[in-house]
Amino acid sequence: MGSWAYFDPEYETLNIRINPPQVSVDNSSCKDCTLVKVDSMNKPGILLEVVQILTDLDLIITKAYISSDGGWFMDVFHVTDEQGRKIKDSQTIEYIEKALGPNGYTSGILKACPERRVGVKSMGDYTTVELIGRDRPGLLSEISAVLANLHINVAAAEVWTHNSRIACVLYVNDDTTCSAVNDASRLSSMEEQLKNILRGCGSEENVAHTSFSIGSTHIDRRLHQLLFADRDYECAFADTKVDSHPSSKPKVVIERCEEKDYLVVSVRCKDRPKLMFDIVCTLTDMQYAVFHATISSDGPHASQEYFIRHMDGRTLGTEGEKQKVIKCLEAAIRRRTSEGLSLEICAKDRVGLLSEVTRVLRENGLSVRRAGVSTVGEEAMNVFYVNDASGNPVDAKTIEALRKEIGRTMRVNVKKAPLDSKAAEAGGLANTSFFFGSLLEKFRS
């Protein structure tokens, strides 16, 4: 009988331990922002991991210089908080140094998560429900009603719509035990009912997806993956209302750099928080490596340039491949764009609250374009971006009717979704991933 040679698991992190990452958070070199500098051994996906850490802390990346040609990765990020100020909070600085430093790399903080299918899985005190399907007015209301009828509480959720498709990631638990839903028959019933709702607006087989799965991944990255796998970037599902103004359309150009055999991806569009994350996430999930990049903001607009190759070393070979990258990057930028009216609704958390709120929105003829739901203690905070059912702006009479119907038991704050600058978005409630910060500590441990 043969025997296998012994493999020391410590060998996998040997290079990192010999050449540990060097991280500095510099508040003295620039008067307007904080500089985060990262020098480390290069590895696949490292740029996304670093950008993910910064964006999860709701930091605004105003400039960045990336170089990872060869075996070393050297980055400089100019960052501010959401109010445009330097990062002075000692806990935030300590977390950046820990997460991007040697402990972060060797302890699994930034370890890549396995691929997953859409579905339901348990994670701590929550069960994660992932849905993808064809969007229609009132769909979120129907989804939340099913969960309420099954006595399942929605603790947090993120909902994106794009090109007539909807993707949802919901963290739910049992309304009695406040723990993850683990009963197989109950999960099966939930899955079947949600499938039926998603199938309700179409007849083709690829209308909806839901299944059981294991593993975990970053919530915003997962939403990008769901919509990318659903091919929301194809013109077949194109929205006629969203991003209809020419100035709101991102401009993506791909050219070849013959000298170094790179493809140069240039992006110019309206600036906003998490823009760099959305672009790098898409390139990474499409199996492209970024060797150099320059990121800058010019007033309300952002200019980003990436020098890329496929992870197997080749560059894009055909015009069709180039066009696919362009379409996918345009889609990634648009998915998080804030359009429509912004409604912030706060109330004491209870089972069925999301169902009640979305029912009122539906009955008033409003369609949810994007949503974020969070629970902090006993307080539930929901943010919805809404248009009318035809995709047009919401009129004043509808807003007043909403206030009268739910204003007695809930706090309602109405804002116009900012479109002109990242500063307007950062200063308001435009970041519907806001709830992730409140859950981040729970899911880190």
Side-chain angles (χ1 to χ4, degrees), residues 52 55-60 82 123 126 128-132 135 139-141 143-144 147 153-162 165-173 217-227 242 272-275 277-278 281 332 334-349 353-358 360-362 366-377 379-387 402 406 410-419 422 424-443:
Q52 176 178 309
T55 55
D56 280 350
L57 291 169
D58 290 326
L59 302 183
I60 309 300
E82 292 182 294
M123 184 169 69
Y126 301 92
T128 305
V129 180
E130 298 181 350
L131 304 169
I132 183 78
D135 190 27
L139 180 57
L140 182 58
S141 174
I143 291 171
S144 54
L147 298 175
N153 181 54
V154 179
E158 183 91 0
V159 181
W160 290 1
T161 66
H162 180 249
R165 308 299 288 178
I166 184 170
C168 311
V169 176
L170 305 98
Y171 294 105
V172 304
N173 56 23
T217 191
H218 185 268
I219 187 169
D220 287 5
R221 186 176 185 185
R222 187 60 185 149
L223 287 164
H224 278 302
Q225 289 173 337
L226 293 176
L227 288 165
V242 177
R272 59 166 175 77
K274 302 184 187 290
L275 177 62
F277 171 84
D278 293 336
C281 174
R334 287 168 160 174
R335 288 169 193 150
R336 207 197 292 267
T337 299
S338 302
E339 293 208 346
L341 192 75
S342 170
L343 296 174
E344 178 195 359
I345 301 174
C346 302
K348 185 175 180 180
D349 188 36
L353 177 62
L354 181 60
S355 175
E356 179 183 340
V357 172
T358 53
V360 172
L361 297 179
R362 182 191 66 199
L366 300 183
S367 179
V368 177
R369 309 296 306 188
R370 200 156 61 94
V373 176
S374 70
T375 306
V376 181
E379 185 84 356
M381 181 180 294
N382 305 327
V383 175
F384 302 94
Y385 289 89
V386 296
N387 297 111
L402 278 172
I406 63 178
M410 307 178 196
R411 298 193 304 277
V412 181
N413 189 19
V414 180
K415 292 188 177 184
K416 178 72 174 67
L419 291 172
K422 71 175 184 301
E425 184 164 4
L429 289 159
N431 176 13
T432 61
S433 287
F434 72 96
F435 78 85
F436 191 75
S438 64
L439 291 176
L440 192 58
E441 290 300 329
K442 296 179 184 179
F443 299 152

Heavy-atom closest pair, residues [X] and [Y]:
X: R335; Y: W160; value: CB-CE3, 3.9 Å
X: A347; Y: M410; value: CB-CG, 3.7 Å
X: A157; Y: V154; value: CB-CG1, 4.1 Å

Check: Got a sec, which residues hit side chain to side chain donor-acceptor pair (under 3.5 Å) with N153, two or more places apart in sequence or on another chain?
Finding: none
Margin query: I'd like to check the side chain to side chain contact (heavy atoms under 4.5 Å, CB included) partners of S144; sequence neighbours left out, ordered by chain and number.
Written below: L354, S355, T358
Next item on the list: Please name all residues satisfying side chain to side chain contact (heavy atoms under 4.5 Å, CB included) with A167, sequence neighbours left out, ordered by chain then number.
Entry: I132, L223, L226, L227
Taking the side chain as everything from C-beta on, heavy atoms only, tell me whether [X] gets closer than 4.5 Å to [Y].
X: L147; Y: L170; answer: yes
X: R222; Y: T128; answer: no
X: V383; Y: S342; answer: yes
X: F384; Y: V159; answer: no

Check: Could you go step by step and tell me if E130 and Q225 meet the side chain to side chain contact (heavy atoms under 4.5 Å, CB included) rule?
Finding: CA-CA 11 Å; E130 298 181 350; Q225 289 173 337; over 6 Å; no
Nearest 0.5 Å, please: how far is [atom2] in [Y] from [atom1] in [X]?
X: E379; Y: D349; atom1: CD; atom2: CG; answer: 9.0 Å
X: L341; Y: L402; atom1: CG; atom2: CG; answer: 8.5 Å
X: L275; Y: I60; atom1: CG; atom2: CD1; answer: 10.5 Å
X: D220; Y: C281; atom1: CG; atom2: SG; answer: 8.5 Å
X: L361; Y: I345; atom1: CG; atom2: CD1; answer: 5.5 Å
X: K274; Y: D58; atom1: NZ; atom2: CG; answer: 5.0 Å

Check: H162 and R334: side-chain donor and acceptor closer than 3.5 Å?
Finding: no
Checklist line | From CA spacing to verdict: salt bridge (charged side-chain N to carboxylate O under 4.0 Å, His left out), D278, R336 | finding: CA-CA 9 Å; D278 293 336; R336 207 197 292 267; 2.6 Å; yes
Note to self: Can you see whether Y385 has R370 sitting over its ring - NZ or CZ less than 6.0 Å from the centre and within 45° of the normal?
What the structure shows: yes
Checklist line | Under 3.5 Å: donor-acceptor pair, side chain of T161, backbone of I166 | finding: no
Note to self: Which label fits Y171 and Y126: parallel for a plane angle under 30°, tilted from 30 to 60°, or perpendicular past 60°?
What the structure shows: perpendicular
Item checked: Residue that, paired with L343, satisfies side-chain contact (heavy atoms from CB on, under 4.5 Å) out of V386, N382, I406 -> V386
